[in-house]
Amino acid sequence: MTEAADAEISPREAEVLGLVGDHLSNAEIAARLCISIRTVESHVSSLLRKLEVPDRRALARRAPVRGGAAPDRPAAVLPAPLTSFIGRARERSELAALLKEHRQVTAVGPGGVGKTRLALAVAADAAGAYPDGVWFADLVPVTDPGMIAAAVAGALGLGEQPGRDLAESVAAALADRDALLVLDNCEHVLDGVAPFLERLLATCPRLTVLATSRARLMVPFERVYPVPPLSLDAGGDSDAVALFMERAAAVGRPLDAALRGQIAAVCARLDGMALAIELAAARCPTLGLDGIIAALSHPLRMLTGGSRADERHRSVRAALDWSHALLEPADRALLRRVSVFAAPFTVAAAAEVAGVEDGLAADGLARLAEQSLLVVAAAPDGTEYRALETIRQYAAERLAEAGEPDEVRSRHLRWCLARAAGLEVARPDWRARFDQVADDLRAALAWAAEQPERRADAFGLARRLAELAFTRNLTGESQRRFEQAAALAAGPAESAAMLRQAAAVAGCRAAGDDMYRLRLAAASAARDAGDLAGAAVDLATAATMAFRYWATFVRVPSRDEALALITDAQKAATGDRTTQAGGDPGALAAVALAEAAVVADAFGAVQGPADNVAVPETIARAERAVELAARTGDPLAESAALDALTCAHIWAGDTFAAAARSRRRVTLLSSLPPSPAVIHELIDALGMVTEATLGAGDMPDACRWARQLDGHPSLAEVGHRAPLMVDALAGNVEEVLAGSVRLLDAWRRAGSPARAHLGPAVAAVAMVHGLRDDHDAQRGWREILDRLDVSAERAHGYAAVFDGMLLLHRGQARDALERMAPEASEVWKWVSWIWHHWYVALRTEAVVLAGDPGARRHVTEARAAVAGNPVAEALVARAAAVLDGDRDALRATADAFDAAGCPYQSARTLLLAGGEHAGRGTAALSALGLAPKAVSLW
């Protein structure tokens with residue numbers, strides 16, 4: 001191994017490498033290690049350089065074996081590239097110079113000329129010039145132009161963020177990066193590469209792209225570099241001769257220097273084409289140089305390739321034809337049959353798809369590798385083989401000429417169906433196993449979808465791939481595959497089912513417009529199937545979505561549009577009493593929920609009235625929806641209805657009822673097997689129950705829900721805002737600091753959008769930095785808050801709570817009272833959610849500490865307002881003890897805070913108590929990571 005590959009790997013890099021080996025994204029690794037995504041990217045870039053591997057997939061293979069002790073340095077696997085790079089000094093210099101001057105350079109040339117090896121060599125040379133790394137994405141396995149962004153995202157370690165596609169995620173990740181992206185083998189997906197790169201280059205001003213292709217990409221900023229054949233002009237000392245001699249020596253004995261002239265003649269006959277030279281050199285031990293010269297003198301060389309092929313193409317084809325002709329018939333058959341694999345394959349896979357015994361396949365693959373027609377690599381599950389793209393395309397042509405494509409691709413399809421069915425997501429290594437076969441699943445599906453006689457298999461594979469992609473957090477692909485399955489379905493009923501699944505995935509992606517469109521498409525399919533009840537549910541659900549998830553829409557459906565859907569749903573559900581739909585419980589429940597959402601505006605949507613004053617009607621409609629949903633026996637329907645009732649209780653200011661309904665939702669959903677619809681509903685329920693229990697002062701439960709929410713796999717890329725609010729109010733400072741890194745990473749990767757719903761979490765982080773006396777960090781987070789939210793909800797709701805808490809910590813009671821000047825009844829709309837009890841209690845403390853003459857009245861009223869909330873009760877009790885000058889009662893509230901799960905308020909109480917308690921309070925605050933303030937009242 002080289003010196004670079006032997007470079008010492010730090011303990012942190014070893015941790016990152018292990019998680020890369022587990023096929024985690026950068027965001028998932030960052031969350032696991034509590035570091036920033038940019039730090040992870042730096043470690044990955046460093047590992048790529050140290051281990052001399054071209055891409056993330058190769059890096060994953062260098063990770064320690066799961067379950068074993070992590071070594072100081074990972075166990076060596078065959079390095080990539082597998083052979084030395086010969087010559088090309090002029091080309092390396094020229095291409096490197098172009099990269100310094102131009103943002104996008106395309107190395108263009110025919111197959112086999114050496115574009116990939118040259119690009120890798122130049123990228124390695126230039127690595128030090130790009131502080132944010134050099135990244136490599138091989139597009140060979142990409143069969144769908146729409147998957148280019150996914151391939152690049154995989155190379156970068158990016159996962160999918162809700163509300164944006166992977167192309168947006170890639171652009172956001174690279175927007176401010178000084179990096180080099182190598183895109184290899186672009187020619188077969190030019191229609192996808194061109195718009196992707198145009199968008200990327202327009203939004204990433206410091207990004208440089210080096211592409212390889214047989215044709216130019218035709219994008220702005222492109223500078224084309226024609227890759228020439230290996231040099232021949234130096235005769236026996238040329239690059240072409242050096243390559244031949246090095247490769248021949250690798251498979252046999254070193255050649256005598258006296259033969260250089262003859263070798264130069266062979267290389268000239270092969271036009272200096274690197275692949276052709278390597279194929280010829282591989283035959284040297286068996287044929288000898290004279291045998292190679294004789295073979296290349298055969299007229300076949302001038303007869304292959306057709307009149308439209310240029311000389312370079314003909315020379316590669318001649319070498320391939322020659323190598324192919326020297327194979328035994330069985331090996332020829334094996335080579336052409338394994339050409340259907342899109343990714344590296346094992347002996348067992350080759351045997352099954354080629355239709356031969358394992359032993360024969362093993363022998364044949366070994367012989368093909370000996371002749372440089374296959375590349376061999378070690379893998380965790382054994383030896384793997386792959387063909388270089390030029391050879392794979394050549395073998396595919398031979399497959400067509402043999403009349404075997406349908407037979408072999410059918411076996412490949414069966415192999416893919418079996419692999420897909422056998423992927424057990426409960427296994428710890430399932431991600432790696434899925435990634436190994438995913439490209440083949442996609443390729444098999446692309447072929448089967450075009451074969452009418454394979455429609456049923458294509459449908460099954462599309463559905464399974466959709467399920468697997470969803471579990472792998474490839475939600476964009478999952479949605480597309482469910483839509484593809486809907487198009488391949490045998491009838492409209494199956495199509496409707498797949499469209500509903502696709503809509504649920506769209507919900508998980510926070511893609512409201514898609515969710516809405518797909519539910520309407522499902523309604524149409526259900527009508528075609530004669531399922532009026534199903535159509536009614538789809539129509540009503542679409543109307544509900546328009547109001548329940550309005551913030552996820554680009555084009556928000558109007559209230560009139562939603563009302564029209566409800567009317568259509570009512571007709572489908574009850575209009576024809578002679579049909580089964582006449583009294584269908586599911587349809588009636590869905591319509592009732594839509595009415596609660598749209599007519600009564602239970603969710604407080606942007607399309608609804610400015611003030612929801614008809615709270616009793618809202619509650620009544622939501623309760624009716626819950627009642628009907630319960631009759632269906634469908635936990636998802638009941639959970640959605642309970643969400644409406646929860647929001648109705650919020651409007652009524654009933655904190656405890658809202659918390660109880662939220663807990664009921666999670667109970668309903670927790671035992672259900674995972675599916676897109678279940679996970680979409682569960683994430684919403686967990687977010688609601690976390691915030692609702694926080695509002696009710698149940699801190700232990702709020703923390704428990706927050707941890708469950710924060711650890712959910714579907715939120716690995718972005719996290720959730722609610723845990724930050726809980727930990728900030730409880731005083732769990734380390735959790736806030738770690739979570740804030742994740743929140744900031746996700747927000748920046750999303751393009752720093754003005755999303756007001758993130759405001760409470762950002763305000764919570766700003767408060768914690770204020771409690772730590774980290775004024776620079778506090779100022780930075782407040783600037784972010786100013787970009788997110790300037791609404792009245794911020795001014796009089798959550799921000800007033802966090803600002804008031806910080807001012808009280810600093811002993812600025814009068815400022816705190818001024819910040820929370822309005823009575824709670826004056827700002828009920830903004831504090832009626834989780835902030836009501838916190839606002840009332842903290843404001844009461846400010847009133848007392850500021851010496852307001854109405855303090856006793858405020859204490860009495862506050863006790864009644866927060867009764868049943870243990871944290872708010874303790875805050876009010878502490879204020880009352882201060883007002884009464886009762887030090888014993890004050891100290892007792894510290895125990896109450898401890899019991900309620902609020903270590904910060906407990907420590908603050910000891911500080912307020914003064915005397916011998918102040919030292920304990922100071923120590924407790926320091927242990928939490930906070931800056932104690934001298935605010936003792938005695």
Side-chain angles (χ1 to χ4, degrees), residues 615 649-658 694-698 729 792-793 795-897 899-900 902 904-906 908-914 933 935-938:
V615 173
H649 285 307
I650 290 169
W651 283 110
D654 192 339
T655 303
F656 301 111
L694 176 63
D698 188 348
L729 291 173
E793 179 182 0
H796 301 299
Y798 66 84
V801 168
F802 290 118
D803 289 348
M805 191 165 158
L806 176 59
L807 290 167
L808 288 169
H809 175 82
R810 291 174 171 170
Q812 299 170 252
R814 290 192 178 278
D815 291 336
L817 181 56
E818 182 179 347
R819 181 66 183 87
M820 296 186 287
E823 296 274 4
S825 59
E826 298 176 56
V827 291
W828 72 271
K829 181 177 180 181
W830 299 286
V831 300
S832 61
W833 181 211
I834 67 174
W835 311 113
H836 182 254
H837 290 171
W838 291 91
Y839 186 92
V840 169
L842 289 168
R843 186 177 186 279
T844 300
E845 182 174 320
V847 166
V848 170
L849 293 177
D852 189 284
R856 197 162 297 281
R857 173 182 62 83
H858 278 92
V859 168
T860 301
E861 292 175 352
R863 276 181 169 147
V866 304
N869 182 319
V871 177
E873 283 183 332
L875 286 168
V876 175
R878 186 171 69 189
V882 171
L883 183 63
D884 295 336
D886 188 341
R887 180 179 288 186
D888 290 337
L890 178 63
R891 287 197 303 270
T893 62
D895 295 333
F897 283 122
C902 261
Y904 163 71
Q905 293 295 351
S906 174
R908 174 171 155 75
T909 300
L910 294 174
L911 205 62
L912 288 171
K933 294 295 181 179
V935 292
S936 173
L937 300 177
W938 279 276

Which pair of non-hydrogen atoms, one from [X] and one from [Y], has the smallest distance, and what is that distance?
X	Y	value
Ala913	Arg891	CB-CG, 4.1 Å
Ala879	Val848	O-CG1, 3.5 Å
Leu808	Leu849	CD2-CD1, 4.0 Å
Thr893	Ala874	CG2-O, 4.0 Å
Ala816	Gly804	CB-O, 4.0 Å
Ala658	His649	N-CB, 4.1 Å

Of all residues at least two apart in sequence or in a different chain, which pass the ring pair (Phe, Tyr, Trp, His ring centres under 6.0 Å) check with Phe802?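 Testing Phe802 for ring pair (Phe, Tyr, Trp, His ring centres under 6.0 Å), a comparison that skips the adjacent residues, returns Trp835.
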As an exercise, state the distance from [atom1] of [X] to [atom2] of [Y], rounded to the nearest 0.5 Å.
X	Y	atom1	atom2	answer
Leu912	Arg887	CG	CZ	11.0 Å
Phe897	Ser906	CZ	OG	8.0 Å
Leu807	Met805	CG	CE	11.5 Å
Thr909	Asp895	OG1	CG	9.5 Å
Gln905	Leu729	CD	CG	8.5 Å

Donor-acceptor contact below 3.5 Å, side chain [X] vs main chain [Y]:
X	Y	answer
Trp838	Leu694	yes
Arg819	Asp803	no
Thr844	Val840	yes
Asp884	Asp886	no
Asn869	His837	no

Tabulate below the donor-acceptor pairs under 3.5 Å that side-chain atoms of residues 859-868 make, not counting sequence neighbours, or state none.
residue: Thr860; atom: OG1; partner: Arg856; partner atom: O; Å: 3.1
residue: Glu861; atom: OE1; partner: Arg857; partner atom: NH1; Å: 3.2
residue: Glu861; atom: OE2; partner: Arg857; partner atom: NH1; Å: 3.3

Tyr904 and His809: CA distance, side-chain angles, deciding distance, ring-ring contact (aromatic ring centres under 6.0 Å, His included) verdict: CA-CA 10 Å; Tyr904 163 71; His809 175 82; 5.7 Å; yes
Within residues 837-849 or reaching into it, pairs that qualify as salt bridge (Lys or Arg N to Asp or Glu O under 4.0 Å) - sequence neighbours excluded: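 Found Glu823-Arg843, Glu845-Arg878, Glu845-Arg908.
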